[in-house]
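Remarks on the structure that follows.
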Amino acid sequence: MLDKDYNAAEIEKKWQDYWEKEHIYKFDKNSKKKIYVIDVPPPYASAGHLHVGHALHYTQFEIIARYKRMNGFNVYFAPCFDDNGLPTEKYVEEKLGVNKNTVSRKEFRKLCLEANEEVEEIYKNKVFKRLGHSYDWDLLYTTIGKEAQRVSQTSFLRLIKQGDCYRREEPTIWCTYHQTALAQAEVEDIKRKTKLNYIDFKLEDGKKINIATTRPEFLAACVGIFVNPNDKRYSNLVGKNAIVPIFNQKVPIMKDEKVDMEFGTGIVMICTFGDNTDIEWWKKHNLPLKIILDKAGKLNELAMEYKGLTLNDARERIIERLRKEKILVNQEDLEQTVGGCWRCNTPVEYIVTKQWFIKTIPYKDELIKQGRKIKWYPDFFRVRYEDWTKNLGWDWCISRQRHFGVPIPAWYCDKCGEIIVADEKELPTDPLEINKGKCKCGGHFKGDEDVFDTWMTSSMSPQISVKWLEENKEFSKRFPVSLRPQAQDIIRTWTFYTILKSYLHFKQVPWKDIALGTFVLDAKGRGMHKSKGNVVWADILLEKFNVDTFRYWVGKAKWGSDIPFKEEELVAGQKFLTKLWNASKFVLMHLENYDYNKPSKLEDIDKYYLLKLNEVINIATENYDIYNSSEANKAVELFFWHDFCDDYLEIVKDRLYNPDSRGNEGKKSAQYTLYKILNGLLKLFAPVVPHITEEIYQVEFAKKEKIKSIHISEWPKEEAITERMLRERGELFVEVMSKVRKSKADSKKSLKDHVILTLEKKSLNALGNMIEDLKAVTKAKEIKEGRFKTEF
RNA sequence: GGGCCCAUGAUCUAGUGGCUAUGAUGUCACCCUUACAAGGUGAAUGUCCCCGGUUCGAGUCCGGGUGGGCCCACCA
């Protein structure tokens, strides 16, 4: 028997402990079942709270894991943490007040590792276990863990071998705050207001031309001037030289189609490097290099008297001087969008440094083809992937000038620059800890001080997760993996890089399916941001609502689209749990003396509800199979609440409470049907609300099915129901029942009040042996033949 | 500037060419019916954003707008 009331906290704890103790979610290496692997997004564990959006998304695919497990798959569901990279560094720097310039890489890494361990333990217990997630914790990996490092470094070595990875001195996107190179994907837009400055340049013959620029601080780095070849105003200028104000270097005037004649004066100066176009023209027209910026974003000696100033300070001082000398002839306000570091919003600069790159540009077309081999849910997100891939302008810069990350296993001769890399057998390795001795030129090999871009590791998450190198014999059984669930905002990074790596290493797609999760907005439909103060934290929410209530809300969220968060909507989940509890209590009460044998004859109305159960099983299964969990759940719930509780339970009450009036077979038929339907419903609900369904299942069904947990029981299957015109007759039954209820409501009668019911002959014939149940549920004293009518 | 998504009663939502548009929340009326009043039975509330087109038939398809959201590019 179930307790009178549903005690969520106690039940959650009880079953979470049980699942862990009994290893319910363990991946079975020796099983013959088909394997289903989920490529779980490694969460950053460094934040103190869990954003409700994350809690939703992680639960969303956890529901899929449960569905697949019940559906006969051997589910490989490895938890993970992304503890490698800038967020951890930032966390440690802020929390402990150290930074990468004041402590050594080794010490710093140690602090990071310690911080990780602490936070991950909290996360594991307070977030994932609390949410009732069904990971196999023995499969845990972290992106800074040994195996992840080994995979990441192995990938690097193999890509060098096959010619897809190279080191080159290149202008690189640079964050002057973090003092590291960035990938194109790490740059985000910043909108800002700035001034467009109209500056006079002298020509050699003493004439003047006027150039508009937003970045006069780069005058010292000016190496050329461009006009549009179709611009008649300036055709006479091409081939001449101009003299840069203040710094007096002579630069050539050239032509290029890309110059916008409408913008400013139609004359552009190019500097090394103020922006992307500068780099393009510098390469295309073979211009000299004048570097005036150091890694911290300060000007160097080429900027002469402005040496040591930041770009902003230099701009002010230079403008001041230009204005004084009347070289600055005009200033206009300008709305501008510039690239900024995605972590700190500092506008990015371009600096020439030696960096490692992985080739992407030559593979653009192939990567689009690979993307089409994957099933996208919803499909339109593939377009976003393809657009990004098409528009890529750079190879992927994978080195970062940071401390905490996977070290780059390479050494460079301090004399001749010779590069050597590690042997695969040595991995994982930290080149700063290994002495590679002398170069043949006599110089010494020095280990690379940089680390990999965090995506270098994350892009191998499917391979790390299924233990590519550790359990290589199993690899082909597990890879390509089944599903990548992820957020839509990292298609250009995580999705793209993972497809790239999988293609470069295996000439395969990394997953069969990719599904984009739900994004949570605030109640007004705006994104949740700490800075806006509208973030809802999951752990705080879980203090107010129990876990199954929260999960019920998650179960209603549609993959790939946004939902506004409204706390009132969680109340629906509470009501649902109460309803499920009470309905189950009722059913179990009436199963007490049930002998579990199928009765010799089932009542037709019982068959009708079994038929409806079949239908709902099919709808749920079909929808779950295409990651449409919200539709699956809505269908199941509608059947449960409306058909099962409101109608069917009312219909069978008479047979259950008064078996003698209709013969005991009628009661047995009802008991059989109740058992079937409730067991089916519990399983259909189990992925979403695992705790309450487990409790009810254990009280009644587990012992009968001899299964340890509902979560490893079999997903319900359709069972053959044969009866002529069953659906039509059942629908007619429900229709008549509703009409009687309406007439009682209209007459302000109670549902228990008796009625004399008149039905047309056609209906009476069709209902046949359902009449007795109709009579009982409508409390009809008698049912007569004639035009439809109710009398009290 | 380009691309993608969305627009359905007060609110959220189903609906991918066919009978009177789905469900939930909220509102109102009635009902303490032996699982549940955190319940039940009913009711009211919709120019399905606008304009045009295709069609026997459009919430659904096409074109054009308007409004919201997201992604990308970009202006020296």
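Please read all numbers here as calculations on a predicted model, not as lab measurements. Letters go in sequence order (proteins before strands), and every chain restarts at 1.
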- Message: Could you tell me how far apart F263(A) (CZ) and rC75(B) (C1') are, to the nearest whole angstrom?
- Response: 5 Å

- Do R215(A) and E349(A) sit within salt-bridge range, that is, some charged N less than 4.0 Å from a carboxylate O? yes

- Message: Taking the basic N atoms (NZ, or NE/NH1/NH2) and the acidic carboxylate oxygens, is any pair closer than 4.0 Å for E637(A) and K634(A)?
- Response: no

- Message: Please report whether the ring centroid of F685(A) lies less than 6.0 Å from that of F640(A).
- Response: yes

- Query: How would you label the contact of C645(A) with the nucleic acid (heavy atoms, under 4.0 Å): base, sugar-phosphate, or nothing?
  - Reply: base

- Query: Of all the choices, rG42(B), rA76(B), rC36(B), which nucleotide is nearest to the side chain of V259(A) once you look at every atom?
  - Reply: rA76(B)

- Looking at the rings of H51(A) and H54(A), which for Trp means the six-membered one, are their centres under 6.0 Å apart? yes

- NA contact type, D646(A), heavy-atom cut-off 4.0 Å: base, sugar-phosphate, or nothing? sugar-phosphate

- Query: Given that E650(A) and D647(A) both sit by RNA chain B, which one's nearest nucleotide is further toward the 5' end?
  - Reply: E650(A)

- Query: Which nucleotide, rG39(B), rA73(B), rA76(B), lies nearest any side-chain atom of D260(A)?
  - Reply: rA76(B)

- Query: More than 12 foreign heavy atoms under 6.0 Å from CD of E10(A): is that the case here?
  - Reply: no

- To the nearest Å, how far apart are W581(A) CH2 and rG39(B) C1'? 18 Å

- Task: Rounded to whole angstrom, note down the C1' distance from rU20(B) over to rU25(B).
- Result: 25 Å

- Just compare rA73(B), rA38(B), rC75(B) and give me whichever is closest to any side-chain atom of Q574(A). rA38(B)

- Message: Contact list please: residues 584-593 of chain A against RNA chain B, heavy atoms, distance less than 4.0 Å, in numerical order.
- Response: K585(A), F586(A), M589(A)

- Message: Can you check the distance between rU47(B) and rG9(B), where both ends of the measurement are the C1' atom (answer in whole Å)?
- Response: 12 Å

- Separation of the P atoms in rU60(B) and rA7(B), to the nearest angstrom: 11 Å

- Query: Does rC72(B) have OP1 or OP2 sitting under 4.0 Å from an N or O in the side chain of R492(A)?
  - Reply: yes

- Contacts of A776(A) that satisfy side-chain contact (heavy atoms from CB on, under 4.5 Å) - sequence neighbours left out: D654(A)

- Within a radius of less than 6.0 Å around NZ of K208(A), do more than 12 heavy atoms belonging to other residues, nucleotides or ligands occur? no

- Query: What integer number of Å spans the P atoms of rC48(B) and rU41(B)?
  - Reply: 30 Å

- Query: Is any NZ, NE, NH1 or NH2 atom of the basic residue among R382(A) and D379(A) found under 4.0 Å from an Asp or Glu carboxylate oxygen of the other?
  - Reply: yes

- Message: Please report the distance separating the C1' of rA21(B) from the corresponding atom of rA14(B), rounded so that it comes out in whole Å.
- Response: 10 Å

- Task: Sugar-phosphate atoms are those with a prime plus P, OP1 and OP2; base atoms are the rest. Using that split, label each nucleotide of nucleotides 11-31 of chain B B, S or - for protein heavy atoms under 4.0 Å, 5' to 3'.
- Result: S-SS-----------S--SSS

- Item | Whole-Å C1' distance, rG59(B) and rC49(B) | 12 Å

- Message: Assess whether a salt bridge exists between K744(A) and D753(A), defined as any Lys/Arg side-chain N lying under 4.0 Å from an Asp/Glu carboxylate O.
- Response: no

- Task: Let me know the distance between NZ of K653(A) and C1' of rG39(B), rounded to the nearest Å.
- Result: 11 Å

- Message: Counting only side-chain heavy atoms from C-beta out, which of rC36(B), rA76(B), rG42(B) sits nearest to S738(A)?
- Response: rG42(B)

- When the distance from CD1 of I270(A) to P of rC75(B) is rounded to whole Å, what number comes out? 13 Å

- Query: Are the charged groups of D773(A) and R655(A) less than 4.0 angstrom apart, N to O?
  - Reply: yes

- Rounded distance (Å) that lies between atom C1' of rA76(B) and atom CZ of F201(A): 11 Å

- Does NZ or CZ of K255(A) lie under 6.0 Å from the centre of the six-membered ring of F226(A), at an angle within 45° of the ring axis? no

- Task: Give a yes or no on whether a salt bridge exists between K364(A) and E386(A), defined as a side-chain N under 4.0 angstrom from a carboxylate O.
- Result: no

- Item | Heavy-atom protein contacts under 4.0 Å, nucleotides 1-7 of chain B, coded B base, S sugar-phosphate only, - none | --SSS--

Hey, can you pull the donor-acceptor pairs under 3.5 Å for the side chains in residues 559-568 of chain A, sequence neighbours left out?
unit_1  : atom_1 : unit_2  : atom_2 : d
W559(A) : NE1    : Y627(A) : O      : 3.4
W559(A) : NE1    : S629(A) : OG     : 3.1
S561(A) : OG     : K558(A) : O      : 3.3
E567(A) : OE1    : K544(A) : NZ     : 3.2
E567(A) : OE2    : K544(A) : NZ     : 3.1

- Return the value, rounded to whole Å, for the distance between atom CD of Q488(A) and atom C1' of rC72(B). 13 Å

- Query: For atom C1', what is the distance between rG40(B) and rU34(B), given to the nearest Å?
  - Reply: 15 Å

- With rounding to whole Å, what would you report as the distance between rG46(B) and rA10(B) at their P atoms? 7 Å

- Intra- and inter-strand pairing of RNA chain B, written as dot-bracket with Watson-Crick and G-U pairs under 3.5 Å and | for the latter, reads ((((((((.[[[..)..(....]]].(((((.......))))).....[[[[[..)....]]]]])))))))....

- Message: Of the listed nucleotides (rA76(B), rC72(B), rG42(B)), which one gets closest to any side-chain atom of W388(A)?
- Response: rC72(B)

- Going by distance alone, is a donor N or O of one side chain under 3.5 Å from an acceptor N or O of the other, for D606(A) and Y648(A)? yes

- Message: Regarding R484(A) and T498(A), do their side chains bring together a donor and an acceptor under 3.5 Å, going by distance alone?
- Response: yes

- Message: Ring of F586(A), cation from K653(A) - is the NZ or CZ under 6.0 Å from the centre and inside 45° of the axis?
- Response: yes

- Message: Just the rounded figure in Å: distance from P of rA76(B) to CD of E332(A).
- Response: 12 Å

- Task: Describe the nucleic acid contact of L649(A) in one word from base, sugar-phosphate, nothing, applying a heavy-atom distance below 4.0 Å.
- Result: base

- Taken to the nearest whole Å, CG/D654(A) to P/rU33(B) is 17 Å

- Tell me which of K779(A) and T214(A) sits closer to the 5' end of RNA chain B, going by the nucleotide each one is nearest to. K779(A)

